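We count residues from 1, following the sequence as given. Fair warning: this is a prediction, and the values are worked out from it, not measured in the lab.
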Amino acid sequence: MTAVAQAFLPEDYGFMSRALQLAERGLYTTTPNPRVGCVLVKDGVTIGAGWHESAGQPHAEIKALNDSVAKVGAGGTAGCTAYVTLEPCSHHGRTPPCADALIAAGVARVVAAMKDPNPLVAGQGLAQLAAAGIAVASGLLEAEARALNVGFVSRMTRGRPWLRLKVAMSLDGKTALNNGVSQWITGPDARRHAHGWRARSCAMLTGIGTVREDNPRLTVREVDTPRQPLRVVVDSRLEISPAAAILTGGNCLIACARDNPEKAAQLRALGADIVVLPNASGKVDLPALMQELGRRGINEVLAEAGLKLNGSLLREGCVDELLIYQAPVLLGDAARGMADLGELTELAAAQHLNIVERRPVGANFFLRARLGQPPDEYPTGADERCAQT
């Protein structure tokens, strides 16, 4: 049985907006799971609310049901409406199915912002609820819900994470001096804002050139977060120094194109993981790396690299979104650009961008753009508030 479509009531929008606000509380913690919020309403009054905090913990629906017990007692949820930002799950994972719990609680109506793109669910949760006599509907504030989980949607539908390429540049499009010096082109407000994108990402990506020149840690420092993203280094010849700051504390994946057992063993002893993914040119196969990250449960990747890796990521179709911080300075023609894309001989070959956000950040200007025309499942502009820190 399929879900029964229903018209949304005026009050539905307010309650779903509240569920989305709750879902945002898991912005930095839920990976590899989606960010989900739930609100239970009876006679126009909220009787329970919750959000999913981290993998292995109760889902948003269970948190809301537990919250309702404290407010209205056991059985108080009979006849209520559940507003949930993602279709309730219908399968056993680390936790029992939420659809079963909603049915047992006597919920009369379930409104989901979007269907779950996970093939293990994919409409089955709503169908199960409908078969139990519960009125179901989906699609309310769907654009906002999808934007909140754009990486999860990407991994479920494409098998790869959503990749954002972050660039700090001058007004004339330069990211570093010719000698490699780049700290700091942008100001502290822009750097703090960028750390918000780091915090929501499951992984940070950079290249061996950046590791050599800047020796970055690629950790979240300007935002309070209980977890640090995986750090990924593209290093075709496995040249990284064991003393590199990015290796500190483990939680680092190095993608190379040739096996070096002795060096790999040395790096693994430091807590790093090694994956060998060569392409036909003897470089790291970047699309294959994206698929590998997807298999590891990575939903969102933030790349902070130099013009060579930036160019390769763009040319090979790995980039979904650009995060550009532009400072009111000029660095001149000899300075380095943002990406090595080769020479174009006609404008028709240019890569077109879809601007979805632009605003000042301190003394700098922030621009967020997506490549080409984004597909319907990745709506533009809906996740602006998620970038705030």
**Request:** May I ask you to check whether over 12 heavy atoms, not counting those of Asp43, lie within 6.0 Å of atom CG?
**Result:** no
**Asked** Does some side-chain heavy atom of Met114 sit less than 4.5 Å from a side-chain heavy atom of Val153?
**Response** yes
**Prompt:** Quick one: does Val72's side chain get under 4.5 Å of Lys42's, heavy atoms only?
**Reply:** no
**Path from Val319 to Val232 over hydrophobic side-chain contacts below 4.5 Å** = yes
**Request:** Could you tell me whether the side chain of Gln351 reaches within less than 4.5 Å of the side chain of Leu371, counting heavy atoms only?
**Result:** yes
**Complete:** For Val223 and Ala199 the tightest heavy-atom approach is CG1-CB, 4.1 Å
**Asked** Does Arg35 pair with Glu300 as a salt bridge, N-O distance under 4.0 Å?
**Response** yes
**Message:** For Glu213, is there an ion pair with Arg336 - N to carboxylate O distance below 4.0 angstrom?
**Reply:** yes
**Request:** Decide, yes or no, whether a salt bridge links Arg109 with Asp12 under the criterion of side-chain N to carboxylate O below 4.0 Å.
**Result:** yes
**Asked** Do we see a donor-acceptor contact under 3.5 Å between the side chains of Gln128 and Asp100?
**Response** yes
**Request:** Compare all side-chain heavy atoms of His193 with those of Phe366 and state whether any distance is below 4.5 angstrom.
**Result:** yes
**Request:** Decide yes or no for Leu313 and Leu205: does some side-chain heavy atom of the first lie under 4.5 Å from some side-chain heavy atom of the second?
**Result:** yes
**Prompt:** Same hydrophobic cluster for Tyr325 and Trp184, using side-chain heavy-atom links shorter than 4.5 Å among ILVMFWY?
**Reply:** no
**Request:** Measure the acute angle between the ring planes of Phe8 and Tyr13, then classify it against the limits of 30° and 60° as parallel, tilted or perpendicular.
**Result:** perpendicular
**Asked** Closest approach of Gly332 and Asp172, non-hydrogen atoms and distance?
**Response** N-OD2, 2.9 Å
**Side chain Thr175, main chain Gly337, donor-acceptor under 3.5 Å** = yes
**Asked** How many angstroms lie between atom OG of Ser154 and atom CG of Asn149, to the nearest 0.5 angstrom?
**Response** 11.5 Å
**Request:** Say whether Leu302 and Val361 are linked into one hydrophobic cluster, either directly or through other cluster members, by side-chain heavy-atom distances under 4.5 angstrom.
**Result:** yes
**Prompt:** What are the two closest non-hydrogen atoms of Thr31 and Gly297, and how far apart are they?
**Reply:** OG1-O, 3.8 Å
**Request:** Go through the steps for Leu309 and Thr210 under the test side chain to side chain contact (heavy atoms under 4.5 Å, CB included), then give the verdict.
**Result:** CA-CA 9 Å; Leu309 182 54; Thr210 298; over 6 Å; no
**Request:** Flag yes if Leu307 and Met338 sit in one hydrophobic cluster, no otherwise; membership is Ile, Leu, Val, Met, Phe, Trp, Tyr, and two members link when side-chain heavy atoms are under 4.5 Å apart.
**Result:** no
**Asked** For Arg25 and Arg18, which heavy atoms make the closest approach, and how far apart are they?
**Response** NH2-NH2, 3.7 Å
**Prompt:** How about Leu148 and Glu24: do any of their side-chain heavy atoms sit closer than 4.5 Å?
**Reply:** yes
**Heavy-atom closest pair, residues Arg231 and Thr248** = NH2-O, 2.6 Å
**Any side-chain donor near an acceptor of the partner, Arg315 and Ser312, under 3.5 Å** = yes
**Message:** What verdict does the side chain to side chain contact (heavy atoms under 4.5 Å, CB included) test give for Lys115 and Leu126, after you've listed the backbone C-alpha separation in whole Å, the side-chain angles of each residue and the deciding distance to 0.1 Å?
**Reply:** CA-CA 8 Å; Lys115 292 182 180 180; Leu126 292 176; 4.0 Å; yes
**Asked** Do you know which of Arg368, Arg164, Arg158 makes salt bridge (Lys or Arg N to Asp or Glu O under 4.0 Å) with Asp320?
**Response** Arg158
**Item:** Atom pair CZ (Phe15) and CG (Leu9), whose distance is rounded to the nearest 0.5 Å
**Value:** 10.5 Å
**Message:** Checking Leu86 against His52 for the side chain to side chain contact (heavy atoms under 4.5 Å, CB included) test, could you report, in this order, the C-alpha distance in whole Å, the side-chain angles of both residues, the deciding distance, and whether it holds?
**Reply:** CA-CA 11 Å; Leu86 184 69; His52 181 50; over 6 Å; no
**Asked** Once you round to the nearest 0.5 Å, how far does CG of Leu22 lie from OG of Ser17?
**Response** 11.0 Å
**Request:** Would you give the length of the straight line joining atom CG of Leu230 to atom CG of Leu218, rounded to the nearest 0.5 angstrom?
**Result:** 10.5 Å
**Asked** Leu129 and Ile103: side chain to side chain contact (heavy atoms under 4.5 Å, CB included), yes or no, with the steps?
**Response** CA-CA 7 Å; Leu129 294 168; Ile103 293 170; 3.8 Å; yes
**Request:** Could you tell me whether the side chain of Met156 reaches within less than 4.5 Å of the side chain of Pro34, counting heavy atoms only?
**Result:** no
**Hydrophobic cluster membership, Leu247 vs Val276, 4.5 Å side-chain cutoff** = no
**Item:** Residue Arg237 excluded, over 12 heavy atoms near CZ under 6.0 Å
**Value:** no
**Message:** Quick check against the 3.5 Å criterion: does Asn118 have a side-chain atom that pairs as donor or acceptor with the backbone of Leu120?
**Reply:** yes
**Item:** Side-chain donor or acceptor of Asn364 paired with backbone N/O of Thr186 under 3.5 Å
**Value:** no
**Asked** Going by atom types only, do Arg155 and Asn299 share a side-chain donor-acceptor pair under 3.5 Å?
**Response** yes
**Message:** Other residues, nucleotides and ligands only: do more than 12 of their heavy atoms fall within 6.0 Å of CZ on Arg191?
**Reply:** yes
**Asked** In a check of salt bridge (Lys or Arg N to Asp or Glu O under 4.0 Å) between Glu239 and each of Lys263, Arg258, Arg212, which one passes?
**Response** Arg212
**Message:** Let me confirm one number: the NZ-CD distance from Lys63 to Gln57, rounded to the nearest 0.5 Å.
**Reply:** 7.5 Å
**Atom pair SG (Cys38) and CG (Leu65), whose distance is rounded to the nearest 0.5 Å** = 6.5 Å
**Request:** Let me know which of Thr46, Leu141, Val41 forms a side-chain contact (heavy atoms from CB on, under 4.5 Å) with Tyr83.
**Result:** Val41
**Message:** Given 3.5 Å as the limit, does a donor-acceptor pair link the side chain of Thr29 with the main chain of Glu53, or not?
**Reply:** yes
**Request:** Check the surroundings of atom CZ in Arg268: do more than 12 heavy atoms from other residues, nucleotides or ligands lie under 6.0 Å from it?
**Result:** yes
**Side-chain heavy atoms of His195 within contact of Arg221, under 4.5 Å** = yes
